[in-house]
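Below is one structure; the comments refer to it alone.
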Amino acid sequence: MADYKFDTIVTHLQTYGFVFQGSEIYGGLSNTWDYGPLGVELINNLKRAWWKKFVQESPTNVGIDSAILMNPKVWEATKHVSTFNDPLIDCKYCKSRHRADKLIEESYPEVAVGTMSQTEMMAFIRERKVACPQCGKSDFTDIRQFNMMFKTHVGVTEDSQSLVYLRPETAQGVIVNFKNIARTTRRKLPLGVASVGKAFRNEITPGQFTFRTREFTQLELEFFCAPGTNLKWFTYWKEYAMHFLKGLGVQKANLRFRDHDQKELAFYSQATSDIEYRFPFGWGEVWGIADRGNYDLSRHQEYSGKPLDYLDPDTNDKFVPCIVEPSLGLDRLALTVICDSYEEEVLEKDTRVVMHLHPAIAPYQVAILPLSKQLNEKAQEIVSILNPHFNVVYDETGSIGKRYRRQDAIGTPFCITVDFDTAADQSVTIRDRDSMKQLRMPIDDLIKYIRIKVFY
RNA sequence: GCAGGUGUAGUUCAAUGGUAGAACAUCAGCCUUCCAAGCUGAUCACGCGGGUUCGAUUCCCGUCACCUGCUCCA
């Protein structure tokens, strides 16, 4: 499959109603995107496919849906509040941006920057004329605090008592419920808990369409296991995740693992490996698989004062479980399958755009196309027979060829034409998007036939 | 946040200091019995806000959005 320009794909998505710009009639809001009628079907199908593989077909795993707003202490425990509250400063001369604390630290390693307030750091930089590492001048803007977490308030008054954050990851909503889940499900370790939900990060530089946005959906699994077994499970879930993507039809050549080296590892992580996809704009992370050790539970245990350890009934060992976390961005997963399935197929007379989406995730599984408008009634009957089972779309306008093209462009795997023999023989013609092959089939057999094809 | 670029129907492009044309797409009618046919007609646009001007889509300023770099991404 050839490579296509990213712009072309984005335009295609907006033309057919997969994605719209957020708040468009008001001039938009930067980096917000809305999923249209086709996009939401794709998104929902992807969620369902993931849930099926990571919950339904994984006997160790269960699911949860946790609140977006959490007690702010959660984010203190995880260091989201402290560590990512960077004091940023810009050089007015060369326009480079720096962290004020790092700036001081580099020039004056003996100074205890950690104990300085923002005002003190500012005064220090001005007094000592700390130089810009970029251009050597000392002409800086004021310090501005930057934290990736969105803040809001609970209640009507905006005092600090009521400050809450929009969660920057769904993981903590799962992790703080560990005891509840283990108790109510009567599960032993290893125990996986899956969750699907929105997370919010005030990224400095979002962009690349839906690839990096400030609001996004995470499909996360927190896999609780005994210390010492985490490496084994880390490898297991890495492979399982890769297998999932390939199962959706994503081409092997466009996927790769990228292991983080020691320097790159987050402070909480023992090992991290990303699954990257070769997007038209370059390789980008789709799935991050992290071995978080027992960092999260230990911190929550410390901050909440509640024991979060686990008694292994087989060995009588008591320990704080480790967590292996495969974390997938839904928006990136959608972009992956879209980019990977998009094709402009050159035919003898013209070109057709085809999205070779796996039938299980295509927005519509079936299109019903009456060959003539006189056959509408019979066609509608078939719509009613199929739509309790599949997403069905009905199209009666334009020539039959044009209607096939429309369905190809949005990835509908099966088109059913109703013709003048249908009423007499109770049969229709079903056409396959990828092979372009046509098959005559009794109406009664349709559900069974399509169900097998869309199975994932 | 900085620098550069872009902004006219859904899309791709025109033209113009006197309020905009086309093609494709969409919709309706005719025709049409399985892969973007044809004919007729219709709907739809100057990102937003100021300024200059008798008059601004056009010139100027601001703003918003998108693209490309830089910075950032636990």
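By convention in this document, chain letters (A, B, ...) are assigned in the order of the sequence lines, proteins followed by strands, and residues within each chain are numbered from 1.
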Ring centroid separation A/Phe279 to A/Phe281 under 6.0 Å: yes
Sugar-phosphate, base or nothing in reach of A/Pro206, heavy atoms under 4.0 Å: nothing
Side chain of A/Arg440 (C-beta onward), nearest among B/U12, B/C34, B/A25: B/C34
Euclidean distance for P, B/C24 against B/U40 (whole angstrom): 12 Å
Integer-rounded Å distance: B/C72 C1' and A/Phe211 CZ: 14 Å
Under 3.5 Å: donor-acceptor pair, side chain of A/Glu220, backbone of A/Ser327: no
A/Ser30 side-chain proximity, nearest of B/C35, B/C66, B/A37: B/C66
Rounded interatomic separation in angstrom, taking CG from A/Leu375 and C1' from B/C34: 12 Å
Touch class at under 4.0 angstrom, heavy-atom based, for A/Thr351 against every strand present: base
Rounded distance in Å between the C1' positions of B/C46 and B/A65: 16 Å
Interatomic distance, A/Arg352 CZ vs B/C24 C1' [rounded to whole Å]: 20 Å
Which nucleotide in B/C27, B/C73, B/C66 has an atom nearest any side-chain atom of A/Trp33: B/C66
RNA chain B stem ranges, 3 or more consecutive Watson-Crick or G-U pairs under 3.5 angstrom: B:1-7 with B:64-70, B:10-13 with B:21-24, B:26-30 with B:38-42, B:47-51 with B:59-63
Distance-only donor-acceptor test (3.5 Å): side chain A/Arg403, base B/C34: no
Donor-acceptor pair under 3.5 Å, A/Gln438 side chain vs B/C35 base: yes
Residue A/Leu371, side-chain heavy atoms: nucleotide from B/C35, B/U33, B/A37 that is nearest: B/U33
Aromatic ring proximity A/Trp233/A/Tyr240, centre distance under 6.0 Å: no
Under-4.0 Å salt bridge between A/Lys402 and A/Asp395: no
Short side-chain to backbone donor-acceptor contact, A/Asn71 and A/Val74, under 3.5 Å: no
Nearest-angstrom distance, C1' atom, B/U11 to B/U26: 11 Å
No-H, no-angle donor-acceptor pair, A/Arg431 side chain to B/C34 base, under 3.5 Å: no
Per A/Thr15 side chain, nearest of listed nucleotides B/C27, B/G10, B/C34: B/G10
From B/A65, B/C35, B/U12, nucleotide with atom closest to A/Gln21 side chain: B/A65
pair A/Glu343-A/Arg352: side-chain heavy atoms closer than 4.5 Å: no
Base B/C34 to side chain A/Tyr404, donor-acceptor N/O within 3.5 Å cut-off: yes
Presence of donor-acceptor pair under 3.5 Å, side chain of A/Asp350 and base of B/C35: no
Closest to the A/Ser399 side chain, choosing from B/U33, B/A36, B/C34: B/A36
Evaluation steps, ring pair (Phe, Tyr, Trp, His ring centres under 6.0 Å), between A/Phe211 and A/Phe209: CA-CA 6 Å; A/Phe211 182 79; A/Phe209 194 48; over 10 Å; no
Between B/C48 (C1') and A/Glu24 (CD): distance, integer Å: 14 Å
Integer-rounded Å distance: B/U33 C1' and A/Asp421 CG: 10 Å
Candidate nucleotides B/A65, B/C73, B/C34, ranked by approach to the side chain of A/Arg212 - the nearest: B/C73
